[in-house]
Amino acid sequence: MAARYNDLKELNFAQIAAETLEFWKKEGIFEKSVTNREGAPSFTFYEGPPSANGTPGIHHVMARTVKDIFCRYKTLQGFQVKRKGGWDTHGLPVELQVEKQLGITKDDIGRKISIEEYNRKCRETVMMYKDQWDDLTLKMGYWVDLKNPYVTYEKEYIESLWWLLKQFYNKKLLYKGYTIQPYSPAAGTGLSSHELNLPGCYKDVKDTSIVAQFTVKRDAKSAFLFPDAFGDKVYIMAWTTTPWTLPSNTSLVVGEKIQYVQVNTYNPYTHKPVSVVVAKDLLGKYFSEKNKDLALDAYKAGDKAIPYQVVRAFTGKDLVGIAYEQLLPYVQPLYDADKAFKVIAGDFVTTEDGTGVVHASPTFGADDFRVSKQQGIPPITVKDEAGNEVPTVDRKGKFIDAIGQQLQAGVARYNIKTHKPLGPADFYVKNYTNEDESNPDYKNTDVIISIILKEENKAFKVEKYEHTYPHCWRTDKPVLYYPLDSWFIRTTALKDKMVALNKTINWKPESTGTGRFGNWLENLVDWNLSRSRYWGTPLPIWRSKDGKEEICIGSLEELNNEVAKAVKAGHMAAPLSPDFDLHRPYVDDVVLVSASGQPMYREPDLIDVWFDSGAMPYAQWHYPFENKEIFEKNYPADFIAEGVDQTRGWFFTLHAIAAMIQDSSPEVQAVNKKTGNGGVAFKNVISNGLVLDKNGNKMSKSKGNVVNPFETLSKYGADIVRWYMIENAPPWDNLKFDFEGIVEVQRRFFGTLQNTYSFFALYANIDGFVKDESNVVPYEKLTSLDRWIISKLQSLITEVTRAYEEYEPTRAARAIQDFVNDHLSNWYVRLNRKRFWKGEMSEDKKAAYETLYECLLVTAQLMSPIAPFFSEWLYRNLTDNIREVAVTNGTPLRHPSVHLTDLVQAEANRTDAELEKSMAYAQQICSLVHSIRKNARIKVRTPLQRILLPVLDTAFATRIKTVEEIILAEVNVKSIDYMDDTSGVLVKKVKPNLPKLGKQYGPKMKEVAAVIATLTADDIRTLEKQGALAKGGFDLALDDVLISSEDIPGWSVATEGAVTVALDITLTEPLRREGIARDFVNRVQNLRKDMGLEVLDKIAIEVGKPDDAVTAALTDFKEYISTETQALTLDFREALVEATEVDMDDFTLTVKISLKK
RNA sequence: GGGCUUGUAGCUCAGGUGGUUAGAGCGCUACACUGAUAAUGUAGAGGUCCGUGGUUCGAGUCCACGCAGGCCCA
């Protein structure tokens, strides 16, 4: 007979995967899983585009497993889940790779290589590893539509981006401003953070550092500082390693929680009495402890030991809002001057160095710029000839004349000897003019400022300070942090809305949403969109030379129209060709004409690639130029998932663009209104953690601990890797990737499941069992074990469904695993084995098959989102042989693939909570009996007479009785005696029910517990009968105590929780004989197996005559022995030849088995 | 430096709303079972719940401060 069920003993999971892939491909299962649900509600998933210019790693298997799980699950649930793939193709990594390939630097672009050539190279490189990615996608079983992916460099994609930008522009959300960036005056160029991280850029240098004294203005806010102020003036001390920024100071930053002190002392340079404010922790840096007790008035100018006295302590919070006098009043703020020169709070202030007060100049520090902007502090800037606002240091690194003149005057006023006469145009903030520093009179600008401050009683301490400072990799000169032009998206305008919208998003884990992402939104600054690069989406803004006229282009049509005008005006020679490439350099050659007839040139920047990916909800469909309906159906995403490192990347850009487009496009607003979306881009998001090596280290090539995803997948198969990743820990925890863990999953879960299946297949093939959906044994006729596992299965369905619904895949996987291992294999199958191999097909046997079949089938379906290959294999093995019938009848098993089926629903009427509880007791009692047997050294094969079970309440007894047979069979005991307190043997004892008593009595707990400890047996009986008892001044209720059983004297007892079991371990002669008989059966079975006999072969047994007791045992149980061992005869012989010596533990037997035909 | 996060057995992890003796799997040791058999079951050993304080009748759990690892940002 041909086997109906594939009963392969050894499974090659990788091979199953390969075969399944073949099947999916041939039958178009993925496509069907989408088209099948045509017309059904859609579940929208957005694929975050990977960049194919790098190779995929094992962490991509993790991220994509998470994505795949929920798309598959939602498909099972009846949703249509389209998953458009995509590729991220622009940006710095691509450019860097090309530069590396070509052996050039950024500087060579436009010189050694044209932009055209360079960008062509970028376009080629972008898809360099696409094959590997496609291969990974396939092999790991990630279902995503890669036939029609969105590609961010395509013209249509860029057009959608331009449309978005134009909407923002129209709403004045797109503007040109400046931000503080690393800038090399020597090279005249801004530096990217990656250029700053080139080796050798950070150098240790010695710079002049100053602790400056800022004079506090006396007013209501600062009044508390003055009562004890020495010399009538109070100074706040701030430290800087860049004295040249002091003329641009507009605020002082303190830490709100930092402790500060006010100190009366003398200025070490001017010897004037001063009262200064400094962080308490840094006091020792400026004052020597031993001068603490010196009298202030005993000090004479020039004394080495300067006395000091701490007069007051307070926190930074008390200082916030205090006004001070401008330190170097050379240039005034252009605007908001009344808001300048204030103490503000900032989170970046520390007490590691300096004074615990940071001086801020918004034009020359990124932190300074940020906090100033947030708190409305103006910068010190001036207008240049063109009327543009510029900082006080020019692009060559030189102070503007207004400051130069003041410094020149200072040099003259204080007779500062310099290496050469200094004019107003000679004050470079660093040595960018290659002055001879070895000249003894050489003084740089920092030193000159220091001297001026010392003279004017504005410096408390000046010293050389060694620190690391970034240098330009081209010129080797110090970098300045300098305001550079950039285009921004005014995300701050919608901050509150974005914060509010974020609260409507379901984040897994929650803390990433409320914490990391939420905090980021709270501290939002405008999004700097500009990138001075070559390969990316060009900024679609054209400007006239004077910057007074500009246009933002929002579509190709608009561009063509404008070009037509330009052609007319003579700025362009011809219209754009239909296949015009929107990239640089072509787009740079487009010159448009302004309303006043001026030529307008494109702003040379590209936009941040994160805008590319954040715009994918719209641009993937070329919205709004095409596919409006598809867009409407698929906006916003129901679900997205990426690594936690995307929090400020993709998650943010999706969120920001969605919030802003909701604000600026009536069209998108209308779409949102239809679906009741407030303006989010995604509703549920999983941010998964990192994949580390097994020791918790980051994987890196240099450490050599990188796991190759392809090797891993082909060795273990995708299912096991996927299952391991999900089951081991929640996806948002970092995963310590360990092959031993994978092996364990394979053995423990997949091995067990496979074993359970092949057990089924083995006997189902023998019995010719075929599932008939129209003819199943009715529920009432099932055994209690059947009903129990069915009930467990219903609970499993409920639990797994809920876990998936709540985006908790780990909980789902663990629930399935527990079900298969603990309940299905270890209990149901083990206890039911005999039903499968005894006798002919009967209704009971059929019920057993059907039950096991259903468990396997449902397991296959529930696990299919996580382990798509094995579940498919299992499903098809179980159902292929009835497919035709199922198709004809239109029953649930008509689908050729588990991934096309409809998710099972838990059936309440097949759930039996009572039975589940009873069975749990049965398992517990068996475990207890085993433990007693163990202690008494009585093996399970030896039958025992009875179990004594103390019964605390009747419900308990009822429960046990329904599973009594199971217990008795499992532990080989003849009977259970239930013992209640009428028996006189059972002694009850009570323990306090702490959770309840705690709430009621609180601090009196100990008293009550003491009283409860004194309750007598009579008391307990009264309490049980009447439900209440007054004792020791307390009114006790029945549920104030937990009743359990005392140990039973003279019995072997085991207790766990409230369950106590006693076992009668008396071995009577009949029991002993039965034990011998069972032992004997066991030995004969072993011999049969050794001889290689088939299950149905008949034998004759001959035994060398043993002693009387054993003879009696074997004779008594002759029939039993014969049945079990398929023996036709059992005879005793005085002498046996060619017999086997058999060890019966306490004695030996000689046995001879022969086959009887 | 800031935000978030993790710390429980040798390893990987569970431990609603505080409750008496902190659990599971693997690994280890021992035993059992022997018609799922390169399978299976049972038991045992193994813990400063990262530390220190605090709140409470009671803290692995709540609070504060630390320590160590991770991520992101400066």
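By convention in this document, chain letters (A, B, ...) are assigned in the order of the sequence lines, proteins followed by strands, and residues within each chain are numbered from 1.
- Pairing for B/U42 is with B/A30, a Watson-Crick or G-U wobble pair whose two hydrogen-bonding atom distances lie under 3.5 Å.
- Using a 4.0 Å heavy-atom cutoff across all strands shown, A/P509 reaches no nucleic acid atom at all.
- Here A/D367 lies in heavy-atom contact (under 4.0 Å) with sugar-phosphate atoms only.
- Residue A/N826 is in sugar-phosphate contact alone, with no base atom involved, counting any heavy-atom pair closer than 4.0 Å across all strands shown.
- Under the Watson-Crick or G-U wobble criterion, with both distances below 3.5 Å, B/A64 is paired with B/U52.
- Under the Watson-Crick or G-U wobble criterion, with both distances below 3.5 Å, B/G25 is paired with B/C11.
- Straight-line distance between the P atoms of B/C67 and B/G51: roughly 15 Å, to the nearest whole Å.
- Of the C1' atoms belonging to B/U42 and B/C4, the separation is 45 Å, rounded to the nearest Å.
- B/G53 and B/A59: their C1' atoms are spaced 13 Å apart (whole Å).
- When the P atom is used for both B/A68 and B/A22, the distance is 30 Å, rounded to whole Å.
- Looking at heavy atoms from C-beta onward, A/F836 lies out of side-chain contact with A/I766 at the 4.5 angstrom threshold.
- Backbone-only contact: A/R814 has heavy atoms under 4.0 Å from sugar-phosphate atoms and none from a base.
- Listed pair A/R933 / B/U42 fails the phosphate criterion, with no side-chain N or O lying under 4.0 Å from OP1 or OP2.
- Atom CG of A/N523 and atom P of B/G2 are 14 Å apart (whole Å).
- Candidate nucleotides B/C71, B/U20, B/C13 were compared by shortest atom distance to the side chain of A/V644, and B/C71 ranks first.
- Crowding of A/E806 atom CD: a count of heavy atoms from other residues, nucleotides or ligands under 6.0 Å exceeding 12.
- Comparing B/A36, B/U5, B/G19 by their closest approach to the side chain of A/L994 singles out B/G19.
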Acceptor/donor pairs from residues 723-730 of chain A side chains to any protein atom, 3.5 angstrom cut, sequence neighbours excluded:
residue, atom, partner, partner atom, Å
A/W723, NE1, A/Q817, OE1, 2.9
A/Y724, OH, A/K736, O, 3.0
A/Y724, OH, A/D738, N, 3.0
A/E727, OE2, A/Q817, NE2, 3.4

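- In this structure, A/V829 reaches the bases: a heavy-atom distance under 4.0 Å links it to at least one base atom across the strands shown.
- No more than 12 heavy atoms of other residues, nucleotides or ligands lie within 6.0 Å of NZ in A/K694, so this atom counts as exposed by the packing criterion.
- When only modelled atom types and interatomic distance are considered, A/N972 and A/R933 share no side-chain donor-acceptor pair under 3.5 Å.
- Distance noted for atom C1' between B/G27 and B/C13: 15 Å (whole Å).
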Could you write out each protein N or O paired with an N or O of nucleotides 21-29 of chain B at a distance under 3.5 Å?
residue, atom, partner, partner atom, Å
B/G25, O3', A/R748, NE, 3.4
B/G25, O2', A/E744, OE2, 3.2
B/C26, O4', A/E744, OE2, 3.2
B/C26, O3', A/R747, NH2, 3.3
B/C26, O2', A/E744, OE1, 3.4
B/G27, OP1, A/R747, NH2, 3.1

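- As rounded to whole Å, 13 Å separates atom P of B/G2 from atom CZ of A/R370.
- At whole-Å resolution of the value, CD in A/E808 and C1' in B/G16 are 13 Å apart.
- Atom CE in A/M699 sits about 14 Å away from atom C1' in B/G70, given to the nearest Å.
- Residue A/G515 is the one, among A/G515 and A/W520, whose nearest nucleotide of RNA chain B lies closer to the 5' end (criterion: closest heavy atom).
- For B/G70, neither phosphate oxygen OP1 nor OP2 lies less than 4.0 angstrom from any side-chain nitrogen or oxygen of A/N734.
- Within the nucleic acid shown, A/N728 comes within 4.0 Å of sugar-phosphate atoms alone, with no base atom in reach, counting heavy atoms only.
- In this structure, A/F739 and A/F737 have perpendicular ring planes: the angle between them is above 60°, well past the 30° mark.
- Between A/N688 atom CG and B/C72 atom P there is a gap of 13 Å when expressed in whole angstrom units.
- Applying the 4.0 Å criterion to OP1 and OP2 of B/A39, one finds that A/N755 has every side-chain N and O outside that range.
- Looking at residues two or more places apart in sequence or on another chain, you find a side-chain contact (heavy atoms from CB on, under 4.5 Å) between A/N826 and A/R830.
- A/M919 CE to A/Q924 CD: the interatomic distance, rounded to the nearest 0.5 Å, is 14.0 Å.
- Residue A/K736 places no side-chain N or O under 4.0 Å from the OP1 or OP2 atom of B/C11.
- One C1' atom belongs to B/A9, the other to B/A24, and the distance between them is 11 Å to the nearest Å.
- Distance A/W732 CH2 to B/U5 P: 14 Å, rounded to the nearest Å.
- A/E808 pairs with exactly one of A/K508, A/R814, A/R802 by the side chain to side chain donor-acceptor pair (under 3.5 Å) rule, that one being A/K508.
- Judged by distance alone, with hydrogens and angles left aside, A/S825 brings a side-chain donor or acceptor within reach of the base of B/A36, the pair sitting under 3.5 Å.
- As rounded to whole Å, 13 Å separates atom P of B/C73 from atom CZ of A/F652.
- In this structure, A/L735 atom CG and B/G69 atom C1' are separated by 16 Å, rounded to whole Å.
- B/C4: Watson-Crick or G-U partner is B/G70, with both key distances under 3.5 Å.
- Of the listed nucleotides (B/A43, B/C71, B/A36), B/C71 has the atom at the smallest distance from the side chain of A/K698.
- Closest to the side chain of A/R830, from the set B/U5, B/C13, B/G41, is B/G41.
- Of the possible polar contacts, none joining the A/Y763 side chain to the A/Y849 backbone as a donor-acceptor pair under 3.5 Å is found.
- Comparing B/G15 with B/C50, their P atoms sit 15 Å apart, to the nearest whole Å.
- Remark: the separation of the C1' atoms in B/G47 and B/A64 is 26 Å, to the nearest Å.
- Across all strands shown, B/U37 remains unpaired; no Watson-Crick or G-U wobble contact has both distances below 3.5 Å.
- Backbone-only engagement by A/N519 is indicated by non-hydrogen atom pairs under 4.0 Å involving sugar-phosphate atoms exclusively.
- Under the Watson-Crick or G-U wobble criterion, with both distances below 3.5 Å, B/G18 is left unpaired in every strand shown.
- Across the interface with RNA chain B, nearest-nucleotide mapping of A/R1083 and A/H930 shows A/R1083 to be the residue nearer the 5′ end.
- Classification of B/G66 as anti follows from a glycosidic angle more than 90° from 0.
- The base of B/C71 sits within donor-acceptor range of the side chain of A/R516, with an N or O pair under 3.5 Å.
- Ring geometry, A/F13 versus A/F750: the interplanar angle exceeds 60°, so the pair is classed perpendicular (tilted spans 30 to 60°).
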